[in-house]
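Below you'll find the structure, written out as structure tokens, and then a few comments.
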Amino acid sequence: MPELPEVETTCRGIAPYVVGNIISNVVIRDRRLRWPVPRDLRKKLLNRKVLNLERRAKYLLFHFDHGCLILHLGMSGSLRIITGDQPAQKHDHLDIAFESGSVLRFHDPRRFGSVLWTSADPMQHALLAQLGPEPFSMACSGAYLHGLSRGRRQAVKTFIMDSHIVVGVGNIYASEALFRSGIRPQRRAGRVSRQEYEKLVQAIREVLQDAIAAGGTTLRDYVSGEGRPGYFAFELNVYDRGGEPCPQCGHPIKQLRIGQRSTYYCATCQR
DNA sequence: CCCGATTCCTGTAGGC
DNA sequence: TGCCTACAGGAATCGG
């Protein structure tokens, strides 16, 4: 399931095959994603050059001189670079072929992903305009999170997973970051101290950075198409380890549900 | 405004 | 062995 590290890894992996290349064909096999793939997408893309590729939150932005392709991997989406003659498999919803002979193939079994087009500034698009800061940016400070959280009664885990607050913290990394910063996930966001938010921001950055580093494994496998999720090689301290001994203190890791999401923490190490 | 619940979807795992 | 249900999750949207 792609979280920010996987999207970042994907962005780096496909950029050399995409940026500066001209699109020679577009094949849409299934429009039924999170939102319908625009009917005129092929017309928009054909014979156009990708000027730049960037990640914003978990979105990939393919910039053209007349607009921008906005792509989200959802939870089961993936992008591969293949050679043009490989037959499409089930759930291969979209191909973007380049004059170089490379084909960018979008695969998404659960169809939570999205492929959209905008002719305007993509940052002003309804899906992107309200997003919070990137976790590695200066704007995402302990003071920022502390300030926004005052008066909020929701769980701190739910708070940091809200993409309007800060982007890129999915369910796995939320539990991991809270463990690393020693904060119980069910604490009310408004009752977490400024100092604790400083630690939490630091922990979010470390977790994501470590995961991006582990995602490098996927990056190397990328073109050959192993498709292994980046966090496979990533050391998870608490996520999906309910009942197992805490790696720090040995007490069993607790599991509960917060906001309909599985949550893991150590009651001894986290307060 | 705030916030929890629901919703979209399919593959997989677990229970019986 | 096979059927059925629960669960996984990003994020918009709904409802209280």
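Each chain gets a letter, A, B and so on, in the order its sequence line appears, and its residues count up from 1.
The main-chain N or O of A:L236 is found under 3.5 Å from a side-chain atom of A:R241 such that the two form a donor-acceptor pair.
Using a 4.0 Å cut-off between a side-chain N of Lys or Arg and a carboxylate O of Asp or Glu, A:E176 and A:R180 do not qualify as a salt bridge.
Taking the side chain of A:M161 as heavy atoms from C-beta on, and the options C:dG10, C:dA11, B:dT6, the nearest nucleotide is C:dG10. Ranking C:dA12, B:dG11, B:dC3 by closeness to the A:R110 side chain, first place goes to B:dG11. Proximity note for A:Q260 (side chain, C-beta onward) versus C:dA12, B:dT6, B:dC3: the nearest is B:dT6. Of the candidates B:dC2, C:dG10, B:dG4, B:dC2 carries the atom nearest the A:R152 side chain, counting heavy atoms from C-beta on. Closest to the side chain of A:Q154, from the set B:dG4, C:dA8, B:dC2, is B:dG4. Residue A:S163 has its side chain nearest to C:dA12 when only B:dC8, B:dA5, C:dA12 are considered. With distances taken from any side-chain atom of A:R153 to the nucleotides B:dC3, B:dA5, C:dA11, the minimum falls on B:dC3. Comparing atom distances between the A:H72 side chain and each of B:dC9, C:dG10, B:dC3 picks out C:dG10 as nearest.
Between A:H164 and C:dA12 there is a side-chain N or O to OP1 or OP2 distance below 4.0 Å. Applying the 4.0 Å criterion to OP1 and OP2 of B:dG11, one finds that A:K90 has a side-chain N or O inside that range. OP1 or OP2 of C:dA8 has not a single side-chain nitrogen or oxygen of A:S76 nearer than 4.0 Å. Distances shown here put every side-chain N or O of A:R32 at or beyond 4.0 Å from the OP1 or OP2 atom of B:dC9.
Nucleotide B:dT12 holds its C1' atom 11 Å from the CE atom of A:M75, rounded to whole Å. One interatomic measurement links the two molecules: CG of A:D30 to P of B:dC8, which rounds to 17 Å at whole-angstrom precision. In this structure, A:H125 atom NE2 and C:dA12 atom C1' are separated by 13 Å, rounded to whole Å. In this structure, A:D162 places its CG atom 10 Å from P of B:dC3, rounding to the nearest Å. In this structure, A:L33 places its CG atom 16 Å from C1' of C:dA12, rounding to the nearest Å. Going from atom CZ of A:R56 over to atom P of C:dA11 covers 11 Å, rounded to whole Å. The CD1-C1' distance, from A:I258 to C:dG10, rounds to 17 Å in whole Å. If you take CG of A:D108 and C1' of B:dC9, they are 9 Å apart, rounded to a whole angstrom.
Put simply, the residue from A:L73, A:D95, A:D92, A:I96 that forms a side chain to side chain contact (heavy atoms under 4.5 Å, CB included) with A:F106 is A:L73. Applying side chain to side chain donor-acceptor pair (under 3.5 Å) to A:Y265 and the options A:K254, A:Q186, A:Q270 leaves one that passes, A:Q186.
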Can you list the steps and then say if A:I14 with A:F62 is a side chain to side chain contact (heavy atoms under 4.5 Å, CB included)? CA-CA 11 Å; A:I14 67 173; A:F62 297 73; 4.0 Å; yes
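At a cut-off of 3.5 angstrom, the base of B:dG4 holds no donor-acceptor pair with the side chain of A:R261.
Counting only N and O atoms by type, the side chains of A:E54 and A:H63 include a donor and acceptor under 3.5 Å apart.
Residue contacts for A:R34: at a heavy-atom cut-off of 4.0 Å it reaches a base atom on one of the strands shown. The residue A:R257 sits close only to the backbone: its heavy atoms come under 4.0 Å of sugar-phosphate atoms, none of a base. Residue-level contact check: A:L73 touches neither bases nor backbone, having no heavy atom under 4.0 Å from any strand.
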